[in-house]
There are 2 protein chains.
Amino acid sequence: MEFNKTLTCAHCSKESPVFCFLNERQIDHIERNRIEVVFNPGETIMKGGTPKTHVMSFYKGLAKVSLEGKGGRSYILGFIRPQTFFSGPGFFFDEKHRLTITAIEECKLCLIEKDVFYEMMEENFKMAFAFMENSNRFILNLIHKMETFLIKHHHGRVADALLHLSKDIYHKNPFTMTISRKDLADLTALPKESVSRILHEFIKDQIITMENNEVHILKEDTLKHISHKG
Amino acid sequence: MEFNKTLTCAHCSKESPVFCFLNERQIDHIERNRIEVVFNPGETIMKGGTPKTHVMSFYKGLAKVSLEGKGGRSYILGFIRPQTFFSGPGFFFDEKHRLTITAIEECKLCLIEKDVFYEMMEENFKMAFAFMENSNRFILNLIHKMETFLIKHHHGRVADALLHLSKDIYHKNPFTMTISRKDLADLTALPKESVSRILHEFIKDQIITMENNEVHILKEDTLKHISHKG
DNA sequence: AAAATAAATTGACATATGTCAATCCGTTTT
DNA sequence: AAAACGGATTGACATATGTCAATTTATTTT
């Protein structure tokens, strides 16, 4: 964790899905009320169960959003990529984080006090709506996530995860998996051994290649088919 | 489905988590722009995939909210009980219902045009906030639901479902299950045969009794334990 | 570079779980 | 009341899947 202001709200806010609606006065207000932080891989950005004191504007890196389930298991509900605004689900509901956010690649982000954000939302309707739309996006992701959890055959879940990583997270096809096998296991709600095996089968069947976490999806359609048939 | 106005917004809005913030003029506005409908058990109130044209104020009955998954399976994400406001997830995002709502017991509800609702939200900030809080509640439910899906042992899922039904849905302990075994299966994401078997074991172990869908939870703590250990 | 540590893979095994089919029960229909 | 229907239960069975332990590979440390 490092502290050092290298960003400016004037610049970042343009890219933010929520803060892009702020007026100059408000931009200045968060500029004076933000904390800029860098997290290294593995570090916990927000811990489920702790008090919710800040909202987050994610500027750089890759982080995972996970739900800590019973018996020490944890389940990855999604990833955070720049630019993202994140308040945690249940912003209007209670004062606790439900989810844990952990840095996977080095992350740079700003924290803004909850009350400061709340104030601004009250006086800026456009932003309030953007906030709602942003929350909506999160729910829809959750619902999709839920669908994938309900895929019966585990091959389907891994197939889905690979497609998701390539398309939505790394945005390329031969991509370098910066997430661990354990993460891939938590993402699919499978034991890591199963993930290994299934990955191996995909390689054997020439659906993907993988060398040193460099994954290349050869037969996207086959993966899609595997994921769809369940 | 029957049409016949027997309710008044002036009365109902007092109980609504969202409409309770409306002023007289606005109450009058929805009074003139609402459709009152009665659905019989089994009827589809909203169908996933169809255009999202109205929001719903749920006045009476019991309905299930489900996600239609791959291969004709469907999964119950939750139930709707009066008084509930329901817009469907992703209200600000797109024009499609993601979830299907089906009446279990006879349901009476009002439909209000999306645009009418939108207008009112724009001019009434308090209501907008109530709407957000309401959405938040839905997300938190989803997250909890997700946790239960991830319970490893299936006994745990059934235990959790029984507790949920008794505590949150029927609000009593010896309760009459108005939902079918198939629904219970969809609620736990299990095949209905498994549900039957597990229920039978619970009865055998004297954790519950069940006669003609009259369920009595005898050992709540045991159920909780089964659900928690996963 | 060698040693130590952690991560990932593989193998073997028991069993929890899904599927199919047959039976049972309750409800409705004529 | 008998027949017909749908829902729920039970039984039998194959197998997909999780677990544990051992091995290999990769990564970090000294």
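Throughout, a chain's letter reflects where its sequence line sits, starting with A, and its residues are numbered from 1.
- Put simply, NZ on B:K192 is 10 Å from P on C:dC20, counting in whole angstrom units.
- Heavy-atom nearest nucleotides on DNA chain C were determined for B:E193 and for A:E193, and the one closer to the 5' end corresponds to A:E193.
- Between D:dT17, C:dA16, C:dC20, one nucleotide has an atom nearer to the side chain of A:H153 than all others, and that is D:dT17.
- The listed nucleotides are C:dT19, C:dT9, D:dG18; the one nearest the side chain of A:S194 is D:dG18.
- When the nucleotides C:dG18, D:dT19, D:dG18 are ranked by their closest atom to the side chain of A:R197, D:dT19 comes out on top.
- The stretch residues 185-211 of chain A participates, sequence neighbours left out, in these salt bridge (Lys or Arg N to Asp or Glu O under 4.0 Å) pairs: A:K182-A:D186.
- Computed from coordinates, the B:D186 CG to C:dG18 P distance equals 13 Å when rounded to whole Å.
- Aromatic rings of A:F117 and A:F85 (six-membered ring for Trp) have centroids within the 6.0 Å cut-off, being under it.
- In this structure, B:N213 places its CG atom 9 Å from P of C:dT27, rounding to the nearest Å.
- As rounded to whole Å, 18 Å separates atom P of C:dA7 from atom CG of A:L199.
- The overall bend of the helix from C:dA1-D:dT30 to C:dT30-D:dA1, read as the angle between its terminal helix axes built from five base pairs each, is 40° when rounded to 10 degrees.
- For the pair B:V195 and A:P191, nearest-nucleotide mapping onto DNA chain D gives the more 5' position to B:V195.
- For B:I151 and D:dG18, the CD1 to P distance is 16 Å, given to the nearest whole Å.
- With distances taken from any side-chain atom of B:K152 to the nucleotides D:dT19, C:dT19, C:dA8, the minimum falls on D:dT19.
- Salt bridge B:E95/B:K114: present, at least one basic N to carboxylate O contact under 4.0 Å.
- Atom CD in A:E214 sits about 15 Å away from atom P in D:dA26, given to the nearest Å.
- The shortest distance between the side-chain N/O atoms of A:H200 and the OP1/OP2 oxygens of C:dT10 is below 4.0 Å.
- Aromatic pair A:F39/A:F58: centroids not less than 6.0 angstrom apart.
- Rounded to an integer number of Å, the gap from A:E211 CD to D:dT25 C1' is 15 Å.
- The side-chain hydrogen bond (donor to acceptor under 3.5 Å, both in side chains) test with B:E68 is passed by exactly one of B:R98, B:R73, B:K47: B:K47.
- The side chain of A:H154 approaches D:dT17 more closely than any other nucleotide in the set D:dA8, D:dT17, D:dT10.
- A side-chain donor-acceptor contact under 3.5 Å links A:S13 to the backbone of A:C9.
- Rounded to an integer number of Å, the gap from A:L190 CG to D:dT17 P is 8 Å.
- When all heavy atoms are compared, the tightest approach of B:S166 to B:N173 is OG-CA, 3.9 Å.
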